[in-house]
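Values reported hereafter were calculated over all heavy atoms of this structure, with side chains retained and with hydrogens, waters and symmetry mates removed.
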Amino acid sequence: RYHEWMKSEELQRLTASEPLTLEQEYAMQHSWQEDADKCTFIVLDAEKWQAQPGTTEESCMAGDVNLFLTDLEDPTVGEIEVMIAEPSCRGRGLGTEAVLMMLSYGVTKLGLTKFEAKIGQGNEPSIRMFQKLHFEQVAVSSVFQEVTLRLIMNEPVQQWLLEQTSHVEEKPYRDGSAAPC
(Lines give C-alpha, C1' and ligand atoms only; values in the text may rest on other atoms or scores of the structure.)
Protein backbone atom coordinates (compact mmCIF):
# COMPACT_ATOMS: atom_id res chain seq x y z
CA ARG A 1 0.00 0.00 0.00
CA TYR A 2 2.83 2.36 0.86
CA HIS A 3 4.45 1.67 -2.49
CA GLU A 4 1.19 2.50 -4.28
CA TRP A 5 0.94 5.80 -2.39
CA MET A 6 4.46 6.77 -3.30
CA LYS A 7 3.67 6.52 -7.02
CA SER A 8 1.69 9.74 -6.61
CA GLU A 9 3.54 12.72 -8.08
CA GLU A 10 1.79 14.98 -5.56
CA LEU A 11 3.08 12.92 -2.60
CA GLN A 12 6.54 12.76 -4.13
CA ARG A 13 6.54 16.55 -4.39
CA LEU A 14 5.15 17.13 -0.89
CA THR A 15 7.56 14.66 0.72
CA ALA A 16 10.58 15.45 -1.48
CA SER A 17 10.72 11.75 -2.39
CA GLU A 18 11.84 9.90 -5.46
CA PRO A 19 9.88 6.95 -6.84
CA LEU A 20 11.31 3.59 -5.79
CA THR A 21 10.91 0.10 -7.17
CA LEU A 22 9.00 -2.31 -4.97
CA GLU A 23 12.30 -4.01 -4.06
CA GLN A 24 13.85 -0.66 -3.07
CA GLU A 25 10.75 0.13 -1.01
CA TYR A 26 11.04 -3.18 0.87
CA ALA A 27 14.74 -2.52 1.52
CA MET A 28 13.96 0.95 2.87
CA GLN A 29 11.16 -0.40 5.08
CA HIS A 30 13.53 -3.07 6.40
CA SER A 31 16.15 -0.42 7.25
CA TRP A 32 13.52 1.62 9.11
CA GLN A 33 12.68 -1.45 11.18
CA GLU A 34 16.30 -2.38 11.93
CA ASP A 35 18.12 0.97 12.23
CA ALA A 36 18.47 2.31 15.78
CA ASP A 37 18.34 5.93 14.55
CA LYS A 38 14.82 5.71 13.02
CA CYS A 39 11.39 5.41 14.56
CA THR A 40 8.28 4.98 12.42
CA PHE A 41 4.66 4.78 13.47
CA ILE A 42 2.00 3.86 10.94
CA VAL A 43 -1.05 6.14 11.11
CA LEU A 44 -4.37 4.31 10.94
CA ASP A 45 -7.80 5.78 10.28
CA ALA A 46 -9.37 4.91 13.66
CA GLU A 47 -12.88 5.78 12.45
CA LYS A 48 -12.62 3.23 9.66
CA TRP A 49 -10.99 0.67 11.99
CA GLN A 50 -13.76 0.98 14.58
CA ALA A 51 -16.66 1.25 12.11
CA GLN A 52 -15.89 -1.93 10.21
CA PRO A 53 -15.20 -4.95 12.46
CA GLY A 54 -12.79 -7.38 10.89
CA THR A 55 -11.13 -4.67 8.81
CA THR A 56 -7.42 -5.20 8.25
CA GLU A 57 -4.85 -2.73 9.50
CA GLU A 58 -3.53 -2.36 5.97
CA SER A 59 -6.90 -1.18 4.67
CA CYS A 60 -7.04 1.43 7.47
CA MET A 61 -3.57 2.84 6.83
CA ALA A 62 -3.60 6.61 6.38
CA GLY A 63 0.12 7.44 6.42
CA ASP A 64 3.10 7.50 8.73
CA VAL A 65 5.06 9.64 11.14
CA ASN A 66 8.84 9.31 11.46
CA LEU A 67 11.50 10.40 13.88
CA PHE A 68 15.15 10.38 12.83
CA LEU A 69 18.03 10.78 15.28
CA THR A 70 20.22 12.83 12.98
CA ASP A 71 22.87 14.40 15.20
CA LEU A 72 25.38 11.85 16.52
CA GLU A 73 26.99 14.55 18.66
CA ASP A 74 23.67 15.55 20.24
CA PRO A 75 21.39 12.60 21.03
CA THR A 76 18.66 14.96 22.26
CA VAL A 77 17.79 16.13 18.71
CA GLY A 78 15.27 14.42 16.45
CA GLU A 79 14.01 15.26 12.98
CA ILE A 80 10.29 14.62 12.63
CA GLU A 81 8.15 14.19 9.53
CA VAL A 82 4.60 13.15 8.86
CA MET A 83 2.72 12.04 5.77
CA ILE A 84 -1.02 11.56 5.54
CA ALA A 85 -1.03 9.79 2.20
CA GLU A 86 -4.64 8.66 2.00
CA PRO A 87 -6.51 11.59 0.38
CA SER A 88 -9.75 10.88 2.29
CA CYS A 89 -7.85 11.21 5.58
CA ARG A 90 -6.32 14.64 4.95
CA GLY A 91 -7.64 17.69 6.72
CA ARG A 92 -9.07 15.64 9.59
CA GLY A 93 -6.32 16.30 12.16
CA LEU A 94 -4.61 12.91 11.80
CA GLY A 95 -1.26 14.52 10.98
CA THR A 96 -1.46 16.79 14.02
CA GLU A 97 -2.41 13.89 16.28
CA ALA A 98 0.36 11.68 14.88
CA VAL A 99 3.01 14.39 15.34
CA LEU A 100 1.86 15.05 18.91
CA MET A 101 2.11 11.35 19.75
CA MET A 102 5.55 11.06 18.16
CA LEU A 103 6.78 14.18 19.98
CA SER A 104 5.52 12.72 23.26
CA TYR A 105 7.22 9.40 22.50
CA GLY A 106 10.45 11.23 21.66
CA VAL A 107 10.36 13.18 24.93
CA THR A 108 9.20 10.44 27.31
CA LYS A 109 10.90 7.37 25.80
CA LEU A 110 13.96 8.74 24.00
CA GLY A 111 14.81 11.82 26.09
CA LEU A 112 14.66 14.23 23.16
CA THR A 113 14.53 17.95 23.89
CA LYS A 114 14.81 19.45 20.38
CA PHE A 115 12.86 18.62 17.26
CA GLU A 116 13.32 19.79 13.68
CA ALA A 117 11.01 19.49 10.69
CA LYS A 118 12.24 20.09 7.15
CA ILE A 119 9.33 20.88 4.86
CA GLY A 120 9.12 21.82 1.20
CA GLN A 121 8.48 25.54 0.80
CA GLY A 122 5.33 24.85 -1.21
CA ASN A 123 3.80 22.57 1.43
CA GLU A 124 1.84 25.30 3.22
CA PRO A 125 -0.57 22.96 5.08
CA SER A 126 2.35 21.11 6.69
CA ILE A 127 4.19 24.34 7.56
CA ARG A 128 1.04 25.74 9.20
CA MET A 129 0.46 22.51 11.12
CA PHE A 130 3.98 22.50 12.59
CA GLN A 131 3.71 26.20 13.45
CA LYS A 132 0.42 25.46 15.24
CA LEU A 133 2.39 22.90 17.27
CA HIS A 134 4.80 25.65 18.46
CA PHE A 135 7.56 24.98 15.92
CA GLU A 136 9.37 28.14 14.80
CA GLN A 137 11.04 28.73 11.45
CA VAL A 138 14.83 28.81 11.82
CA ALA A 139 16.07 28.47 8.23
CA VAL A 140 15.09 28.55 4.57
CA SER A 141 17.11 26.75 1.91
CA SER A 142 16.60 28.11 -1.57
CA VAL A 143 18.82 25.32 -2.91
CA PHE A 144 16.63 22.54 -1.46
CA GLN A 145 13.45 24.65 -1.56
CA GLU A 146 12.70 23.77 2.06
CA VAL A 147 11.95 25.42 5.36
CA THR A 148 13.43 24.19 8.63
CA LEU A 149 11.25 24.54 11.71
CA ARG A 150 12.42 23.83 15.27
CA LEU A 151 10.79 23.11 18.59
CA ILE A 152 12.76 23.39 21.82
CA MET A 153 11.17 21.30 24.55
CA ASN A 154 11.31 23.68 27.50
CA GLU A 155 9.14 23.14 30.61
CA PRO A 156 6.01 25.03 29.42
CA VAL A 157 6.10 23.35 25.98
CA GLN A 158 6.64 19.91 27.54
CA GLN A 159 3.71 20.49 29.92
CA TRP A 160 1.52 21.56 26.96
CA LEU A 161 2.59 18.47 24.99
CA LEU A 162 1.86 16.08 27.83
CA GLU A 163 -1.58 17.66 28.29
CA GLN A 164 -2.29 17.24 24.56
CA THR A 165 -1.35 13.55 24.70
CA SER A 166 -2.69 12.61 28.16
CA HIS A 167 -5.37 10.43 26.50
CA VAL A 168 -2.80 8.32 24.65
CA GLU A 169 -2.30 4.81 25.93
CA GLU A 170 0.66 2.76 24.78
CA LYS A 171 -0.16 -0.87 24.09
CA PRO A 172 2.05 -3.74 22.94
CA TYR A 173 1.62 -4.66 19.31
CA ARG A 174 1.12 -8.18 18.06
CA ASP A 175 0.35 -8.92 14.41
CA GLY A 176 -3.38 -9.03 13.87
CA SER A 177 -4.36 -8.73 17.53
CA ALA A 178 -3.74 -5.07 18.35
CA ALA A 179 -6.69 -2.96 19.34
CA PRO A 180 -6.78 0.57 17.94
CA CYS A 181 -5.14 3.23 20.09
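Every residue two or more places apart in sequence or in another chain that forms a salt bridge (charged side-chain N to carboxylate O under 4.0 Å, His left out) with R92 is listed here: D45, E47. A search for salt bridge (charged side-chain N to carboxylate O under 4.0 Å, His left out) contacts involving D71 returns nothing, not counting sequence neighbours. K38 is linked by a salt bridge (charged side-chain N to carboxylate O under 4.0 Å, His left out) to D35, counting only residues two or more places apart in sequence or in another chain. When the side-chain contact (heavy atoms from CB on, under 4.5 Å) test is applied to S126, the partners found at least two apart in sequence or on another chain are I119, N123, F130. Take F41 and apply the side-chain contact (heavy atoms from CB on, under 4.5 Å) test, not counting sequence neighbours, and it matches C39, V65, M102, Y105. Residues satisfying the side-chain contact (heavy atoms from CB on, under 4.5 Å) criterion with L69, sequence neighbours excluded, are D37, L112. With sequence neighbours excluded, no residue forms a side chain to side chain donor-acceptor pair (under 3.5 Å) with T108. The side-chain contact (heavy atoms from CB on, under 4.5 Å) check on E136 picks up nothing, with sequence neighbours excluded. E116 is linked by a salt bridge (charged side-chain N to carboxylate O under 4.0 Å, His left out) to R150, counting only residues two or more places apart in sequence or in another chain.
Note that OG of S141 and CD of Q121 are 7.5 Å apart. Values are rounded to the nearest 0.5 Å. Here the straight-line distance linking atom CE of M129 with atom CG of L149 works out to 9.5 Å at 0.5 Å rounding. Between the SG atom of C60 and the CD1 atom of I42 there is a distance of 13.0 Å, given to the nearest 0.5 Å. Here the CD1-CD distance, from I127 to E146, works out to 10.0 Å after rounding to the nearest 0.5 Å.
No side-chain heavy atom of L44 sits under 4.5 Å from any side-chain heavy atom of L94. Under the 4.5 Å side-chain criterion, counting only non-hydrogen atoms from C-beta, D64 is not in contact with V82. The closest side-chain heavy-atom distance from E57 to W49 is below 4.5 Å. Here the side chains of L67 and F115 are in contact, with some heavy-atom distance below 4.5 Å.
In terms of modelled atom types and a separation under 3.5 Å, the side chain of K114 and the main chain of D74 share no donor-acceptor contact.
Using a 4.5 Å cut-off between side-chain heavy atoms of Ile, Leu, Val, Met, Phe, Trp and Tyr, with links allowed through other members, L110 and L133 fall into the same hydrophobic cluster. M83 and F144 fall into different hydrophobic clusters, where Ile, Leu, Val, Met, Phe, Trp and Tyr side chains are chained together by heavy-atom contacts under 4.5 Å.
Listed by first then second residue, pairs satisfying salt bridge (charged side-chain N to carboxylate O under 4.0 Å, His left out) with a partner in residues 100-113 read K109-E170, not counting sequence neighbours. Judged as a side chain to side chain donor-acceptor pair (under 3.5 Å), the pairs with a partner in residues 78-89 (not counting sequence neighbours) are, in order, R1-E86, W5-E86, N66-E81.
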Enumerate, atom names and distances included, each donor-acceptor pair closer than 3.5 Å involving a side-chain atom of residues 151-165, sequence neighbours excluded.
residue: N154; atom: OD1; partner: V157; partner atom: N; Å: 3.0
residue: Q159; atom: NE2; partner: E163; partner atom: OE2; Å: 3.4
residue: T165; atom: OG1; partner: S104; partner atom: OG; Å: 3.4
residue: T165; atom: OG1; partner: L161; partner atom: O; Å: 3.0

